[in-house]
Amino acid sequence: MSTFSRRKSRGKVEENNLKKDLLNDDEISSNDYNNYQILVPSLSPSINNRTSSNILYLQNQYAIFTRSISQCNIGELIRQPEYVDKNEWIAHNIVTFFNHINALYEVLSDFCTKSTCSTMTGPQNSLYYWIDERGKKLKCSAPQYIDSAMTFMQKILSNDMIFPTRLDRNFPATFDILVRKMVRLLFHCMAHIYAIHYRQLIEFELHPHLNSLFLHFISFIIKSDIIPSDYSISNTNTNTNSLTISNQIEIRELRAELESLSLLYELLAKQWQHAYAQANAQKRKMTNNQ
Ligand SMILES: [Zn+2]
């Protein structure tokens with residue numbers, strides 16, 4: 001099963017390893033662990049043996065978050081509120097992710113030029129092609145790609161027929177497809193920053209923002225089922241069978257792309273659980289002292 005899909009069960013041994021690992025901190029009780037383990041939708045088994053990578057963003061010391069996300073309950077953050085329409089909830093979140101990623105990239109735009117980034121690359125040398133209105137794949141530089149992506153998304157987000165702001169307007173039938181397309185573009189932008197510009201982000205001390213954003217973004221797309229979780233190309237027995245072949249191919253490609261940063265997601269999810277448990281232990285200590 002894919003790392004990004006929901007895991008329904010986890011081996012007892014692996015669970016105990018993770019628990020032991022999290023309990024290294026004296027301040028955190030086993031109750032903390034039990035309370036917080038379910039908050040991130042898809043946390044992989046212990047990854048202790050797989051983090052000795054030279055890749056900067058996979059190093060523990062850089063896998064840190066902004067204070068606000070360390071102290072918040074991600075499970076609550078990504079849960080669709082009762083009485084709020086699902087599309088409304090997705091639209092609200094997509095707008096937020098777009099604004100944050102756009103702002104973060106703007107800081108780096110002087111470093112991401114046609115000469116430094118002549119192709120739009122992501123982790124493991126993956127190459128992202130721009131697809132024009134006629135469906136033609138185009139190879140372009142990273143700044144060209146990101147500029148086109150941001151312009152495309154800005155246009156969609158400000159189109160009241162697609163992202164309605166009035167109560168008497170409904171979301172269009174193509175909403176799911178457009179959301180998946182935007183999720184894919186947003187992921188490409190973040191993946192490019194991780195792969196090429198993470199060192200610059202550390203120099204600006206902005207890496208906690210990208211990590212917070214990435215963890216929130218991936219957790220949200222898993223939880224909201226933007227990418228059907230049990231999807232398989234040959235599976236005709238689920239609600240995905242109403243998708244056209246091109247949509248199915250697109251979903252398969254998107255899942256494969258997400259996989260290129262699955263190790264990062266696992267690392268961040270684990271680090272966040274620790275940070276959140278620590279923040280809560282601290283809060284409890286302060287309450288007890290009062
Ligand atoms: Zn670049």
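- Proximity of the aromatic rings of F163 and F175 is defined here by a centroid distance below 6.0 angstrom, and this criterion is met.
- For the side chain to side chain contact (heavy atoms under 4.5 Å, CB included) with F98, the qualifying choice from T96, V95, I101, N102 is N102, the only one to do so.
- In terms of modelled atom types and a separation under 3.5 Å, the side chain of Q154 and the main chain of S158 share no donor-acceptor contact.
- Panel note: side chain N93, backbone I78; no donor-acceptor pair is recorded below 3.5 Å.
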Run the side chain to side chain donor-acceptor pair (under 3.5 Å) check on T66 and S212 step by step: do they pass? CA-CA 6 Å; T66 51; S212 300; 2.9 Å; yes
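- The number of heavy atoms from other shown groups lying within 6.0 Å of NZ (K86) is above 12.
- Looking at L157 and M182, their side chains come closer than 4.5 Å, going by heavy atoms from C-beta outward.
- In terms of hydrophobic clustering, with Ile, Leu, Val, Met, Phe, Trp and Tyr side chains grouped at heavy-atom distances under 4.5 Å, Y276 and L77 are assigned to a common cluster.
- For the pair F171 and I90, the minimum side-chain heavy-atom distance is 4.5 Å or more.
- The shortest side-chain heavy-atom distance between K139 and T119 falls under the 4.5 Å cut-off.
- A side-chain donor-acceptor contact under 3.5 Å links T113 and S115.
- Rounding to the nearest 0.5 Å gives a distance of 7.0 Å between CG of N54 and CD of Q59.
- Note: F97 and H216 have perpendicular aromatic rings, judged against thresholds of 30 and 60 degrees for the angle between ring planes.
- The neighbour count for R199 CZ, taken as heavy atoms of other residues, nucleotides or ligands under 6.0 Å away, does not exceed 12.
- The closest side-chain heavy-atom distance from Y198 to L210 is below 4.5 Å.
- Distance check, rounded to the nearest 0.5 Å: CG of L58 to CG of L268 gives 8.5 Å.
- Proximity of M153 to M150: side-chain heavy atoms (C-beta onward) are separated by under 4.5 Å at one or more points.
- Atom CD of E205 sits in a sparse spot, with 12 or fewer heavy atoms from other residues, nucleotides or ligands closer than 6.0 Å.
- In this structure, E76 CD and R79 CZ are separated by 4.0 Å, a value rounded to the nearest 0.5 Å.
- Here the CG atom belonging to L201 is positioned 5.5 Å from the CG atom belonging to L108, to the nearest 0.5 angstrom.
- Between atom CD of residue E106 and atom CG of residue L104 there is a gap of 10.0 Å, rounded to the nearest 0.5 Å.
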Given Y265 and S219, is the side chain to side chain donor-acceptor pair (under 3.5 Å) satisfied, shown in steps? CA-CA 9 Å; Y265 177 68; S219 302; 3.2 Å; yes
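- Screening residues 171-192 for salt bridge (charged side-chain N to carboxylate O under 4.0 Å, His left out) gives R184-E253, R184-E257 as the qualifying pairs, with residues at least two apart or on separate chains.
- For Y105 and H192, the ring centers are positioned 6.0 Å apart or more.
- Here the NE2 atom belonging to H207 is positioned 14.0 Å from the CD1 atom belonging to I193, to the nearest 0.5 angstrom.
- In this structure the side chain of L261 reaches within 4.5 angstrom of the side chain of Y57, judged on heavy atoms.
- Taking the six-membered ring for Trp and thresholds of 30 and 60 degrees, F152 and W130 have ring planes more than 60 degrees apart, a perpendicular arrangement.
- Pairs passing the salt bridge (charged side-chain N to carboxylate O under 4.0 Å, His left out) check and including a residue from residues 143-156, sequence neighbours excluded, do not occur.
- Side-chain contact between V183 and I94 is present, with at least one heavy-atom pair separated by less than 4.5 Å.
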